[in-house]
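One structure is given here, and the rest of the page talks about it.
From a predicted model like this one, the values you see are computed outputs, not experimental measurements. Values below: all heavy atoms of this structure, side chains included; hydrogens, waters and symmetry mates excluded. When a ligand or atom number is given, it counts from 1 through the structure's own listing order.
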Amino acid sequence: MNAVTLNTLSKIYTGGKKAVDSVTLSLSQGEVFGFLGPNGAGKTTTVKLLNGMLSPTEGALSVFGIDPSQNPEKVHALAGVVTEHAQMYDNLTGIQNLVFYGSVFGLSKTDSEKYGLELLRQLELTDAKDKKLAAYSTGMRQRLSLARALIHRPQILFLDEPTSGLDPESAQNVHSMIRRLAAENGITVFLCTHQLRYAQEVCTRYGLMAQGRLLAEGTLDALRCRICSGMTMKLKAKNLPADLVCQQTDDLTFKLPINSEEEIPQFVRKITDAGGQIYHISAELPSLEDIYFTLTESFKSPEADKEA
Ligand SMILES: Nc1ncnc2c1ncn2[C@@H]1O[C@H](COP(=O)(O)OP(=O)(O)OP(=O)(O)O)[C@@H](O)[C@H]1O
Ligand SMILES: [Mg+2]
């Protein structure tokens, strides 16, 4: 059974804004799916639809076969959610918050305290476990919110910008935890993020949204094929031959497209035979960031507007 299925899903808000426009998508269990796209693309709206916080205008959706608009409580039992503004209690301590949310899901106090302390340890919040939430920093709250989402051992996690406001170390820690949860516990992760470098490290597949539409989806390799871009050879060099077609990015750095690493020796020969000096050379495949910009730029172009 798919963990998530969206079938020609649309959401029009009161007032007429079409935030999600006929999106069809499915996620298998254990995938870490990166849901990407510029501000206003429709990511949070999709997460709210998947959690039954909003009902679709058209189309169908399910989480482990359950329709969240019909049975939100059944989806909540299987899912953990982290949003940008998590609701928790300021006058309770970190561990008290976790025990409270554990009790909402029917866990005993002993169970939720034991697992809560383990989650706090993994999220490096042990020292803050007895501090009231009111005294937590933004990043500490965000990490506690992830612990809260995990307290009932969900099968799927919906994470909407889980690392916004986190320092690089904490963000790295949260991302390794996400990877571990998927790899060791088989949890499916639906991750909305703008942090493309982390997404490239953590996710197994991606969906790219813009203006409510799913522009592309697939693994990194599939998306690379989609933008039809091969490798880029990066050179740090001096005195390049004038007829070498390349793009200069700074004083000594140049970029040129190649089809494979096999082409590198012939370029090296050409440059050195012409009296050029090479200090460094590397071949790079397009990053997730390169793909993101290529696809979103082409969507914004006048041609794309005409097609739309
Ligand atoms: N409650 C609402 N009423 C009307 N329009 C809304 C509402 N919530 C969101 N929208 C609009 O729907 C569109 C999609 O918003 P959404 O929050 O889903 O985008 P997002 O991809 O999560 O963006 P971000 O990256 O900024 O978080 C935007 O144009 C937004 O202004
Ligand atoms: Mg959002």
Open item on the list: I'd like to know whether CG of Asp127 has more than 12 heavy-atom contacts from other residues, nucleotides or ligands below 6.0 angstrom.
Closed with: no
TODO: Not counting sequence neighbours, which residues clear side-chain contact (heavy atoms from CB on, under 4.5 Å) with Pro56? List them please.
DONE: Leu9, Leu49, Leu61, Ser69
Task: salt_bridge(Asp111, Lys114) N-O dist < 4.0 Å - done: no
- [ ] From the options Arg143, Gln142, Gln122, select the one residue that forms a side chain to side chain contact (heavy atoms under 4.5 Å, CB included) with Val174.
- [x] Arg143
TODO: Report yes if some N/O of Glu161 lies less than 3.5 Å from some N/O of ligand 1; otherwise report no.
DONE: no
Task: Protein contact to atom 26 (O) of ligand 1 [nearest heavy atom, distance to 0.1 Å] - done: Asn39 ND2, 2.9 Å
Open item on the list: Please list, in number order, the atoms of ligand 1 under 4.0 Å from a heavy atom of His194.
Closed with: 25 (O)
TODO: Identify whether the distance between the nearest side-chain nitrogen and carboxylate oxygen of Arg205 and Glu217 falls below 4.0 Å.
DONE: yes
TODO: Consider every N or O of Gly40 and every N or O of ligand 1, then say whether any pair is closer than 3.5 Å.
DONE: yes
Open item on the list: Please list the nearest protein heavy atom to atom 9 (C) of ligand 1 with its residue and the distance rounded to 0.1 Å.
Closed with: Tyr13 CE1, 3.4 Å
TODO: Considering only non-hydrogen protein atoms, determine which one is nearest to atom 18 (O) of ligand 1 and report residue, atom name and distance to 0.1 Å.
DONE: Thr45 OG1, 2.5 Å
Task: ligand 1 to Thr44 polar contact by distance, N or O atoms, under 3.5 Å - done: yes
Task: Arg226 and Asp221 ion-paired at < 4.0 Å - done: no
Task: His175 and Tyr198 aromatic ring geometry - parallel, tilted or perpendicular at 30°/60° bounds - done: parallel
Task: Protein heavy atom at shortest distance from atom 29 (O) of ligand 1 - done: Lys17 CE, 3.2 Å
- [ ] Report the residues that fulfil salt bridge (Lys or Arg N to Asp or Glu O under 4.0 Å) with Arg180, sequence neighbours left out, ordered by chain and then residue number.
- [x] none
Task: Gly42 heavy atom under 4.0 Å from ligand 1 - done: yes
Open item on the list: What protein heavy atom lies closest to atom 12 (O) of ligand 1? Include the residue and the distance to one decimal.
Closed with: Ala19 CB, 3.4 Å
- [ ] Please say which of Lys238, His280, Gln277 ends up in a side chain to side chain contact (heavy atoms under 4.5 Å, CB included) with Leu252.
- [x] Lys238
Task: Pair Thr219, Tyr206: side-chain N/O donor-acceptor within cut-off below 3.5 Å - done: no
- [ ] Flag Gly37 as yes when one of its N or O atoms lies below 3.5 Å from any N or O atom of ligand 1, and as no otherwise.
- [x] no
Task: All salt bridge (Lys or Arg N to Asp or Glu O under 4.0 Å) counterparts of Lys129, not counting sequence neighbours - done: none
Open item on the list: For Met209, which part has a heavy atom under 4.0 Å from ligand 1: side chain, backbone, both, or neither?
Closed with: neither
- [ ] Without swapping roles, check the side chain of Ser170 against the backbone of Leu166 for a donor-acceptor pair under 3.5 Å.
- [x] no
Open item on the list: Please work out, at 4.0 Å between heavy atoms, whether the side chain, the backbone, both, or neither of Lys43 comes within that distance of ligand 1.
Closed with: both
Open item on the list: For the Mg ion (ligand 2), what is the number of protein N, O or S atoms at a distance under 2.8 Å?
Closed with: 1
